[in-house]
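Here the structure is a predicted model, which means the values were calculated and not measured.
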Amino acid sequence: MLDVKNLTLHYGGSQILYDVDLAAKTGEVTCIMGTNGVGKTSLLKAICGTHPHSGGSLHLGDTDISRASANARAQQGVGVVPQGRMIFPLLTVKENLETGFACLPASERHIPDEVYELFPILKDFLHRRGGDLSGGQQQQLAIARALIIKPKLLLLDEPTEGIQPNIIQQIGRVISLLRERGDMAIVLVEQYFDFAYDLADSLVFMERGRVTSRHAKADITKEDAAKVFRIA
């Protein structure tokens with residue numbers, strides 16, 4: 001579903017990403033791992049179009065999205081759950097979900113029942129302001145908002161950051177259910193090693209803006225993956 005080739009990215013005069021190759025398959029979770037500052041979030045920003053890349057190409061299925069705007073990529077089916085969640089604190093839960101409608105034709109502008117099945121708490125809090133939710137509830141809202149556009153590719157940036165353990169478990173179950181549906185590719189950036197490894201179908205390790213290794217989960221033990229993670 002996603003094919004990234006030779007991707008480079010700069011912030012001003014500083015190069016952040018160096019010829020990154022990445023592939024993510026439909027029905028699988030691809031985990032991007034590495035310590036802080038290696039370029040993981042910058043890579044997701046380049047994929048979703050919120051920061052322009054300097055070189056390389058990106059394809060979503062057969063569609064070249066290399067020059068597409070962030071809005072156009074969302075319309076093509078790129079959903080993103082950004083680091084820090086970035087929900088609208090003064091809008092209600094319902095209004096936050098409805099911001100996803102901008103990427104949909106008028107006939108599809110409704111909140112599917114599946115959102116409430118995955119995140120029952122949101123139905124109870126529809127008229128509560130986003131800023132009044134706990135961090136875990138805001139993360140659930142951010143994921144639900146991304147699902148509104150019916151993504152072909154779902155990008156998740158540190159979804160466990162600052163979240164209580166019971167919500168982390170729920171988010172893990174949701175990601176597993178979305179994978180089992182088999183209609184989207186999921187790219188997960190995550191510092192919580194156990195969470196990432198348990199969900200992953202493939203692991204991509206980054207260091208200093210480069211991909212240093214990639215592994216099918218079946219080909220690397222948890223212990224060996226942990227060693228690479230600590231080195232990366």
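Taking both residues in full, the closest heavy atoms of Ile171 and Pro159 are given as CD1-O, 3.8 Å, listed atom of the first, atom of the second, then distance. Across Leu104 and Ile148, no two heavy atoms sit closer than the pair CD1-O, 3.4 Å. For the pair Ser42 and Ile16, the tightest heavy-atom approach, listed with the atom from each and the gap, is OG-CG2, 3.7 Å. Nearest heavy-atom pair across Thr26 and Gly182 is CG2-O, 3.3 Å. When all heavy atoms of Gln137 and Ser134 are compared, the closest pair comes out as OE1-N, 3.0 Å. Taking each heavy atom of Pro151 and Ala146 in turn, the nearest pair found is CD-O, 3.6 Å.
In this view, Glu98 and Lys94 satisfy the salt bridge (charged side-chain N to carboxylate O under 4.0 Å, His left out) rule, not counting sequence neighbours. In this view, Asp132 and Arg129 satisfy the salt bridge (charged side-chain N to carboxylate O under 4.0 Å, His left out) rule, not counting sequence neighbours. Considering only residues two or more places apart in sequence or on other chains, Arg179 meets the salt bridge (charged side-chain N to carboxylate O under 4.0 Å, His left out) condition with Asp201.
Screening Gln140, Glu161, Gln138, Arg145 for a side-chain contact (heavy atoms from CB on, under 4.5 Å) involving Arg85 leaves a single residue, Gln138. Partner of Leu156 under the side-chain contact (heavy atoms from CB on, under 4.5 Å) criterion, out of Leu199, Val189, Ile143, Val187: Ile143 alone. The one candidate from Tyr197, Phe193, Phe205 that meets the ring pair (Phe, Tyr, Trp, His ring centres under 6.0 Å) condition with Phe229 is Phe193. When Leu43, Leu44, Ile32 are each tested for a side-chain contact (heavy atoms from CB on, under 4.5 Å) with Leu155, only one passes: Leu44.
A distance-only check finds no donor-acceptor pair linking the side chain of Arg214 to the backbone of Ala23 [under 3.5 Å]. Distance alone, capped at 3.5 Å, places no donor-acceptor pair between the Thr160 side chain and the Ile168 backbone.
A salt bridge does not link Lys40 with Asp157: none of the charged nitrogens is closer than 4.0 Å to a carboxylate oxygen.
To the nearest 0.5 Å, the span separating CG on Leu22 from CG on Leu7 amounts to 9.0 Å. Between Glu158 atom CD and Leu188 atom CG the span is 8.5 Å, to the nearest 0.5 Å. Here the straight-line distance linking atom CZ of Arg67 with atom OG of Ser57 works out to 10.0 Å at 0.5 Å rounding. The distance from atom CD1 of Ile121 to atom CG of Leu133, rounded to the nearest 0.5 Å, is 9.0 Å. Note that CG of Leu97 is 7.5 Å distant from OG1 of Thr99, once rounded to the nearest 0.5 Å. Atoms CZ and CG, on Arg73 and Leu60 in that order, are 10.0 Å from each other to the nearest 0.5 Å.
In this structure, Met184 and Leu147 have side chains that are in contact, with non-hydrogen atoms separated by less than 4.5 Å. Residues Tyr192 and Ile163 have side chains not in contact (no heavy-atom distance under 4.5 Å, counting atoms from C-beta outward). Looking only at side-chain heavy atoms (C-beta outward), Leu17 and Met206 come within less than 4.5 Å of each other. Under the 4.5 Å side-chain criterion, counting only non-hydrogen atoms from C-beta, Val211 is not in contact with Asp21. Side-chain atoms of Val78 and Leu2, non-hydrogen and from C-beta on, never get closer than 4.5 Å to each other.
The hydrophobic cluster containing Ile167 does not contain Met86, counting ILVMFWY residues as joined when their side-chain heavy atoms lie under 4.5 angstrom apart, directly or transitively. Taking hydrophobic clusters as Ile, Leu, Val, Met, Phe, Trp and Tyr residues chained together by side-chain heavy-atom distances below 4.5 Å, Leu91 does not share a cluster with Ile149. Under the 4.5 Å side-chain contact rule for hydrophobic residues, Ile87 and Tyr116 share a cluster. When the side chains of ILVMFWY residues are joined at heavy-atom separations under 4.5 Å, either directly or via intervening members, Val115 and Leu154 end up in a single hydrophobic cluster. Under a hydrophobic-cluster definition in which Ile, Leu, Val, Met, Phe, Trp and Tyr are linked whenever side-chain heavy atoms come within less than 4.5 Å, directly or via other members, Phe195 and Val81 are assigned to the same cluster.
Side-chain atoms of Gln15 and Thr8 form no donor-acceptor pair, as typed in the model, at a separation below 3.5 Å. Side-chain contact annotation: Ser66 with Asp64, donor-acceptor N/O pair under 3.5 Å present.
Screening residues 142-181 for ring-ring contact (aromatic ring centres under 6.0 Å, His included) gives no qualifying pairs among residues at least two apart or on separate chains. Applying the ring-ring contact (aromatic ring centres under 6.0 Å, His included) test to residues at least two apart or on different chains, none of the pairs has a partner in residues 85-112. Among residues at least two apart or in separate chains, ring-ring contact (aromatic ring centres under 6.0 Å, His included) pairs with a member in residues 33-60 are Tyr11-His51.
For CG of Asn166, the number of neighbouring non-hydrogen atoms (other residues, nucleotides, ligands) closer than 6.0 Å is greater than 12. By the neighbour-count criterion of 12 heavy atoms within 6.0 Å, atom NZ of Lys25 is sparsely surrounded, having that number or fewer from other residues, nucleotides or ligands.
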Working note: Lys222 + Asp194, criterion side-chain contact (heavy atoms from CB on, under 4.5 Å); need CA distance, chi angles, decisive distance, verdict.
CA-CA 9 Å; Lys222 191 171 186 177; Asp194 288 342; 3.2 Å; yes
